[in-house]
Amino acid sequence: FYKADHNDRLTLSLNRSIFGIFRLNKMLSCSSLCFIIFSFSLFIRCTGPRFKSCFLSFVPLLAWLPRYPFRENAIGDLISGISVGIMHLPQGMAYALLAAVPPVFGLYSSFYPILIYFIFGTSKHISVGTYAVMSVMIGSVTERLAPDSDFVIPGNDTNSTTLDIVSRDAERVKIAATVTFLSGIFQLLLGLVRFGFVVTYLSEPLVRAYTTAAAIHVIVSQLKYSFGINPQRYSGPLSLIYIIIATVVSWQMDLKTEYRVEVVGEIPSGLQAPVAPAVSLLGSMVGDAFALAVVGYGIAISLGRIFALKYAYKVDSNQELIALGLSNSIGGLFNCFAISCSMSRSMVQVSTGGKSQVAGAISAVVILVILLKIGELFEELPKAVLAAIIYVNLQGMMKQFGDICSLWRTNKVDMVVWVMTLILTVLFNPDMGLAASIAFSILTVVFRTQLPKYSILGQVPGTDIYKPVEDYNQETPGIMIFRSSATLYFANAEMYIDALYEKVDTHKHHTHIYSQAYPFTHNYIKKKKRKLQRKQRKRPRKELKKLLKLLRFSAVSAFNQGEEPQFSDTDESGEEAEANGDVHKLSVKEPKDVAAVEAGPDPDTDTPLPRAIILDLSPVNFLDTVGVKTLRNIYKDYGEAGVQVYLCDCQRGVVESMEKGDFFNEKVTKSILFSSVHDAVLYCQQGNSKEVQYIVMSYTHTRISEVS
C-alpha cells in the first residue's frame with residue numbers, strides 16, 4: 001500500500017512472500033491455462049461480425065469509402081489528384097528509361113497499379129507509382145537478360161551492323177513485366193502469411209544509404225542521354241511546362257532528324273490487353289524479384305508510417321504487403337514494371353490538400369486521359385529532358401550524404417552501416433548490394449552482443465530497486481549480483497565467464513585491473529577445490545578422534561556409575577587411531593539417542609569470494625546449448641568453492657532451454673530460481689544465521705515478510 005510521510009512523499013509498503021520458481025508457477029499455472037483456453041476459443045470461433053471484419057480488413061475501400069467526408073475532403077483530393085497526375089507524366093516516362101523500356105510503359109505503370117492500391121491500400125497520403133530505385137533495379141535485370149549484343153543484325157556492308165531496337169525493346173518489356181509479376185507474387189505471399197515484420201531488417205540508415213547509392217547508379221545510367229545538357233531546377237507540376245516547351249522546340253526544329261537527338265517515340269493511344277508472363281524466364285530472376293519485393297515494400301511502409309504518425313492513423317503493414325503485391329502482380333500482366341512510392345509525389349499530394357486515397361484515384365484518371373487522348377503529343381519530347389527530370393528528382397536523395405555527419409555525432413555504428421551500404425551498393429548491383437548491406441547490418445548487431453556491459457548491482461537503500469554500483473555505490477554485503485546487458489549465447493559465453501571472474505574479484509577488492517583480477521579469482525577457485533578435497537580425505541581421521549573422545553567420556557561415566565564400557569572386537573570403520581602410544585583398531589557402538597547431522601564444509605573466514613552470487617538473467621531472451629553449459633559450469637565451479645549461485649528473472653523460454661539442456665538434476669533443482677533480484681537477495685540474507693547457513697532446504701517454504 002501507499003502512504004505519505006511528513007514531507008508529502010509517497011512511500012510503498014510491500015508485504016509478501018519470497019517468490020521462488022515453484023510458488024510462482026503454482027500461482028500462475030491456473031490463470032495461464034484459463035487464458036490459453038480462452039484465447040484458443042476466440043481464435044477458432046467464426047461469427048458473422050468477425051467474418052465481416054476480416055473481409056473489410058482485406059478490402060479497406062469498402063470500410064472507409066461509405067464514410068468518406070465528401071464536403072471536407074473532395075476539393076482537396078481533387079486538386080491534389082490533378083497535381084500528382086501531372087507529375088506522373090514526366091516521372092513515368094523518365095523512369096521508364098531507367099528500366100530500359102519505352103517511355104509509354106512508364107505511363108502504364110502509373111495507371112494500373114495506382115487503381116489496385118486505391119482498393120487495397122491503407123495509407124492515405126503516399127503516392128504509389130514509378131520510383132527511381134525500383135526502375136534502376138528493373139533496368140539491371142532487363143539489360144542483363146537482354147543486352148544490346150543479342151540484337152545486333154549484320155548490315156549489307158562487311159563491317160556494318162544494325163541494332164534491332166524494336167525486338168530488343170519488346171524482349172525487355174517482357175522481362176520487366178515478368179520480374180514485376182514475380183515480385184508481386186512474393187509480396188502477396190509474404191502478406192498472406194503475416195510476414196510484414198521482414199521490413200525490420202531494413203534500418204533507416206540502411207534504407208537512406210541504399211537510396212543514395214541507387215541515385216548514383218541512376219545518374220551514371222543517364223549520362224548517355226544528357227551529356228552536355230545542363231539541367232535546371234524545377235519542382236512539382238511545373239515540370240509539365242518544361243516538357244511542353246521542350247516538345248514544341250524539338251518538333252519545330254526537327255531535332256530528331258537534323259541533330260539525331262533521341263526522342264520519346266511512338267506513344268500508342270488506348271490501353272493494352274493483359275499478357276501472360278514469360279514462365280521460362282522465372283528461374284533466372286528469382287533473386288531479383290525478391291529484392292524488388294523487399295525494397296519496394298520497405299520504402300513504401302517507411303514513408304507510410306511517417307505520414308500515419310503525423311496524421312494519427314494506423315497503417316497495416318501486412319495489408320500494405322498485400323496491396324503492393326496485387327498492384328505489381330496485376331500490373332505485370334499489363335506490361336507494367338515494379339512500383340513503390342515516391343517522396344516527391346507524396347509531398348506534393350499532402351501539400352496540395354490530399355487527405356485520402358481518392359487523390360491517388362484521381363491521378364490515375366489523369367494518366368488515363370493522357371493515354372487515351374493526348375499521349376501522341378509528347379512523341380517528339382527529347383530523352384535528354386527526361387534525363388534532366390530524373391536528375392532534379394534525385395536531388396533529395398543526394399542531400400542524404402549529410403546523414404554521415406549527423407550519425408557520427410549520434411551513433412557511430414549506424415554511421416558505419418550507412419557508409420558500408422553506400423559502398424557495397426555502388427560496387428555491386430542494387431540487388432546484390434542490398435543483400436550484402438543487410439548481412440553487414442546484422443553482423444553489427446552480432447558484434448554488439450559480443451561487447452555488452454557487465455555490471456554489479458547494488459540495492460538502493462530502503463527500496464527493492466537494484467542499480468549498478470558504479471552509479472549508486474551501494475553494494476550488498478556478502479552477496480554479488482551480476483548482470484550482462486546482452487543475452488547469453490555461444491558468441492559471448494566465454495566473455496561472460498571472464499567478466500564474472502573479474503567482477504567477483506572487483507567486488508571484493510575494489511580494483512578494476514583485469515590482468516590481476518581474473519588470474520587471482522580463477523586460481524583461488526582451484527585452490528579452494530584442492531583444499532576441500534584434502535578436508536574430505538582427512539575427515540575420517542577427525543571423526544575417529546571424535547569417537548575416541550566420546551569413548552573416553554562414556555568410559556568415565558560408566559566407571560562412575562559402576563558399569564563397564566562395551567567395546568567390539570572388530571573395527572567397522574577400518575581407520576587407525578592412537579591409544580596409549582599404540583595403534584589399535586577400535587570401534588564403539590553409536591548411542592541410539594544421538595542423531596548424526598552432516599553439515600557442509602566450514603566457512604573460510606579468509607575467503608575473498610562472496611557468500612552467494614546472484615545472476616540477473618532478465619536481459620537473456622534465449623539460451624543455446626553453449627549458454628546452458630556456461631551456467632552449469634558457473635554453478636559447479638563456485639559451488640565447489642563454497643559459493644551458492646542463484647538465478648533470477650528467468651523468462652519462460654530460458655527455463656525451458658535449461659530443462660531441455662539437462663541443467664536441473666537431483667543436486668541442482670529449480671529452488672535456485674527466483675522471480676526477482678530482491679527475492680533472491682532476501683533469501684540469501686535470511687539464510688545468514690548459523691542455524692540455516694548450510695541447511696537451506698528448510699527455508700524453501702518459509703514465509704519471509706519484508707516491509708520497505
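- Using a cutoff of 4.0 Å between basic side-chain nitrogens and carboxylate oxygens, D169 and K174 are not scored as salt-bridged.
- Looking only at side-chain heavy atoms (C-beta outward), V295 and V133 come within less than 4.5 Å of each other.
- Residues L427 and I423 have side chains in contact (heavy-atom distance under 4.5 Å, counting atoms from C-beta outward).
- Judged by distance alone, the side chains of N621 and Q651 never bring a donor and an acceptor atom under 3.5 Å apart.
- Residues T212 and F401 are in side-chain contact: their nearest non-hydrogen atoms beyond the backbone lie under 4.5 Å apart.
- Put simply, the side chain of V275 does not reach to within 4.5 Å of the side chain of F334, judged on heavy atoms.
- One N or O on the side chain of T487 and one on the backbone of F622 form a donor-acceptor pair closer than 3.5 Å.
- Under 4.0 Å is where a charged nitrogen must lie from a carboxylate oxygen, and between D288 and R144 at least one such pair does.
- Taking 4.5 Å as the limit, every side-chain heavy atom of I116 sits out of range of all side-chain heavy atoms of N328.
- A donor atom on one side chain and an acceptor atom on the other are found under 3.5 Å apart for S127 and R345.
- Side-chain contact between F111 and V365 is absent, with no heavy-atom pair separated by less than 4.5 Å.
- Side-chain contact between M137 and V141 is absent, with no heavy-atom pair separated by less than 4.5 Å.
- With sequence neighbours excluded, the residues that form a side-chain contact (heavy atoms from CB on, under 4.5 Å) with I114 are H88, V128, S363, A364.
- A donor-acceptor pair under 3.5 Å links the side-chain atoms of Q319 to the main chain of F120, judged by distance alone.
- F105 and Y108 have their aromatic ring centers within a separation under 6.0 angstrom.
- Ring centers of W418 and Y210: at least 6.0 Å apart, outside the cut-off.
- The shortest distance between side-chain heavy atoms of S342 and Q91 falls below 4.5 Å.
- Of the residues listed (V173, N335, L97), the one engaging P102 in a side-chain contact (heavy atoms from CB on, under 4.5 Å) is V173, and it is the only one.
- Relative ring orientation between Y311 and F307 is described as parallel, the plane-to-plane angle staying below 30° on a 0-90° scale split at 30° and 60°.
- Around CH2 of W64, the count of heavy atoms belonging to other residues, nucleotides or ligands within 6.0 Å exceeds 12.
- There is a side-chain donor-acceptor pair under 3.5 Å between E320 and Y117.
- Using modelled atom types, one finds a donor on one side chain and an acceptor on the other under 3.5 Å when comparing D77 with S356.
- The number of heavy-atom neighbours closer than 6.0 Å to CZ of F151, taken from other residues, nucleotides and ligands shown, is above 12.
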